[in-house]
Amino acid sequence: MAMDVMPQQDPESRRPPEPSPQDPYAMPAEGATAVAPPPPTLRTTLRRAAFGAVAAGVLLAGALVAVPDGDRDAPKEPGPVERAEAAATAGSPASLSDLTALIGDRQKWVESHPDDAPSWATLGSAYVEWGRRSADAAYFGRAEEALKRSLDARPGERGNGEAWVGMAALANARHDFLAAKRWGETVRKQDPKAWSVYPVLIDAYTGLGDVKAATGATEKFGELRKGVPALARTADLYRGQGWREDALATAREAADRATEPAEKAEALHRLGELAWERGEPEEAVAQFDAALRTDSGHHASLAGKARALVALERTDEALAAYQSAVTGLPRPEYVLELGELYESLELDGDARSQYEKLGGLLEQAKAAGVDESVIRARYESDHGDPAVAVELLRGQWKKQHRSAAVADALGWALHRAGKSEEGLEYAQQAVDTGVRNASYAYHLGVIEQQLAQYGPARRHLEEALRTNPAFSPLDAPKAREALETLGEPSPGGPGDTQPPPPPPPAPVPEPKRESGPETKPEQEPKRESPRPEAPAPAPSKTPPAPSKAAPGTPAAVEADASKSP
């Protein structure tokens with residue numbers, strides 16, 4: 001099996017060529033919803049589209065189709081463009097070096113063929129993929145303009161469904177999941193057997209927290225497109241529902257069946273993530289190392305390895321791995337993790353530097369139309385202004401972004417802002433999804449402890465440390481400290497789980513009364529025997545349901561939504 005040698009080169013050598021200044025698609029980003037999605041009732045001729053227009057807009061799912069070039073009769077070794085097209089039509093990721101070659105090829109082609117709608121769609125989808133995998137959001141603006149050019153040359157209802165799917169992929173990359181859902185569902189209604197639309201629908205439904213719809217889309221994708229891509233999506237579905245054994249078995253099958261380097265590295269990375277979440281850092285390091293041996297430029301695996309090295313107390317190696325990862329793939333979440341690692345080591349100056357870098361990345365993302373509210377809110381909750389975090393996350397909730405990650409972040413932000421009672425419901429909702437995330441259990445346990453729900457608090461803090469004892473260099477020690485504060489449960493059973501009350505004060509003896517020979521001692525009034533106090537009721541395992549939903553809670557939001565037309 002031929003290995004991709006490009007990741008060993010300097011990262012700049014793999015960057016797609018810059019379009020010429022005259023190119024009309026080199027324009028600023030306008031946002032994922034700058035082009036309004038078409039109405040779902042449009043009729044189309046998608047089934048009559050040529051093979052080259054089947055799925056060019058779903059490079060995120062690996063669905064690029066070739067526009068043939070050159071003589072195909074003479075047998076030859078596939079070049080990088082052909083390899084990228086072959087990977088895409090199989091539903092697999094192309095290597096970054098092959099993706100670079102494909103972008104350059106399509107840039108040259110559309111300069112002389114400006115009305116080639118499929119090639120514009122291919123170029124736009126390739127830009128989306130490059131921006132997503134390189135953490136360079138500037139490419140999303142180019143992607144949007146290229147996809148617009150494709151739709152101008154051939155509207156979606158006239159058979160250009162690949163550009164519609166490309167717009168859905170772009171919206172997902174910008175975290176505009178409602179727009180992605182509208183684009184994707186439009187394509188699905190016109191052609192339910194177009195397998196290339198289902199990966200973008202899965203991402204959109206997952207971002208919206210619609211587990212039922214995501215499950216249905218994953219199952220349909222598996223029916224239409226067998227092999228490693230379907231196995232990978234199914235493993236992710238199981239992982240999100242907390243089905244660890246099923247997720248692991250499916251992810252292993254995907255890794256065993258993967259052949260191309262980029263596909264193999266992704267599969268091994270998934271195994272590393274699963275091992276990390278199980279609290280098995282040594283296994284995680286082994287899987288991430290295997291991914292890096294397959295593709296040395298797989299920086300996501302380098303960040304995962306750094307996370308696991310922290311748990312193994314190999315701190316110097318972890319710092320070096322993190323620094324390399326954020327240099328090669330400057331994703332905001334990796335920069336935040338590195339800053340928190342520095343903070344846990346009391347290297348406050350280095351931590352501040354990373355937090356400043358995080359702020360710059362978030363501004364760049366915003367300028368490119370990418371909504372990074374969840375990452376910014378995570379920072380504000382623990383290192384900045386929790387009230388800002390609450391405002392950001394309430395906005396996400398109103399946009400129907402109700403995934404477990406958003407629910408957990410909003411619950412924690414409310415707690416940090418002094419609104420623990422309101423935050424409890426959101427934190428509980430995140431844990432109730434079933435996902436085995438130690439941070440979610442920790443957040444819920446701390447909120448319950450604040451609300452004097454000691455039994456549930458102890459249970460969830462123990463669950464966090466049992467799931468992954470080193471889930472965070474900052475929060476894992478706090479979880480252990482909180483458990484020590486709660487102490488061991490009393491032997492009285494579930495009804496006696498809170499800390500024992502302080503002992504009653506000792507009675508003060510009455511002073512003796514002296515009586516003379518000529519005085520009679522006063523007769524003491526008859527005292528009634530004291531009435532025994534009723535025993536305090538045992539704390540309930542679950543808090544009673546409020547008679548009316550508090551403003552801002554999920555129940556209140558749903559009630560308001562049901563009243564709107």
Side-chain angles (χ1 to χ4, degrees), residues 11 29 131-141 172-176 207 273 276 299-310 315 318-396 401 403 405-406 408-417 437 439-440 442-443 470-476 478:
R132 186 183 67 84
R133 289 172 59 184
S134 66
D136 190 347
Y139 280 87
F140 295 153
N172 277 327
R174 284 172 162 165
H175 303 158
D176 189 352
E273 289 288 332
W276 162 250
H299 294 97
S301 289
L302 195 57
K305 178 181 178 180
R307 203 177 298 126
L309 288 170
V310 174
T315 308
L319 288 171
Y322 260 130
Q323 290 162 357
S324 296
V326 299
T327 299
L329 189 64
R331 288 179 176 167
E333 57 265 36
Y334 299 160
V335 177
L336 178 58
E337 288 177 18
L338 178 55
E340 291 182 338
L341 175 57
Y342 280 131
E343 186 174 340
S344 72
L345 298 172
E346 298 183 353
L347 300 173
D348 296 338
D350 293 317
R352 282 195 299 271
S353 296
Q354 292 303 314
Y355 296 151
E356 291 173 1
K357 181 177 180 180
L358 173 65
L361 290 175
L362 294 178
E363 288 301 318
Q364 293 173 18
K366 183 178 180 180
V370 181
D371 186 351
E372 292 285 10
S373 295
V374 176
I375 294 295
R376 184 183 172 194
R378 283 176 50 191
Y379 166 78
E380 294 289 351
S381 292
D382 288 324
H383 313 286
D385 186 349
V388 172
V390 170
E391 182 179 358
L392 289 168
L393 293 166
R394 286 197 193 281
Q396 292 292 299
H401 293 186
S403 65
V406 175
D408 166 73
L410 180 52
W412 185 244
L414 287 164
H415 163 72
R416 295 282 293 171
N437 188 301
S439 290
Y440 296 177
Y442 164 72
H443 289 158
F471 65 92
S472 164
L474 282 178
D475 291 340
K478 294 178 182 177

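- The closest side-chain donor-acceptor pair between Tyr355 and Arg352, if any, does not fall under 3.5 angstrom.
- For the atom pair CG of Leu393 and CG of Asp408, the computed distance is 9.5 Å after rounding to the nearest 0.5 Å.
- Once rounded to the nearest 0.5 Å, the distance linking CZ of Phe471 with OG of Ser439 reads 5.0 Å.
- By the side-chain contact (heavy atoms from CB on, under 4.5 Å) test, Gln323 pairs with Leu319, Leu338, Tyr342, sequence neighbours left out.
- Qualifying side-chain contact (heavy atoms from CB on, under 4.5 Å) partners for Glu337, counting only residues two or more places apart in sequence or in other chains: Arg307, Tyr322.
- A distance of 12.0 Å separates CG of Leu329 from OG of Ser324, quoted to the nearest 0.5 Å.
- Considering only heavy atoms from C-beta on, Asp382 stays 4.5 Å or farther from Arg378 through its side chain.
- Atom-to-atom distance recorded for Trp412:CH2 and Tyr440:OH is 14.0 Å, nearest 0.5 angstrom.
- From Arg416, atom CZ reaches atom OG of Ser381 across 7.5 Å, with rounding to the nearest 0.5 Å.
- Looking at Glu372, its side chain never comes within 3.5 Å of a backbone N or O of Leu362 through a donor-acceptor pair.
- Separation of atoms OG (Ser301) and CD (Glu273) is listed at 8.0 Å; rounding is to 0.5 Å.
- Side-chain atoms of His175 come within 3.5 Å of backbone N or O of Asp371 as a donor-acceptor pair.
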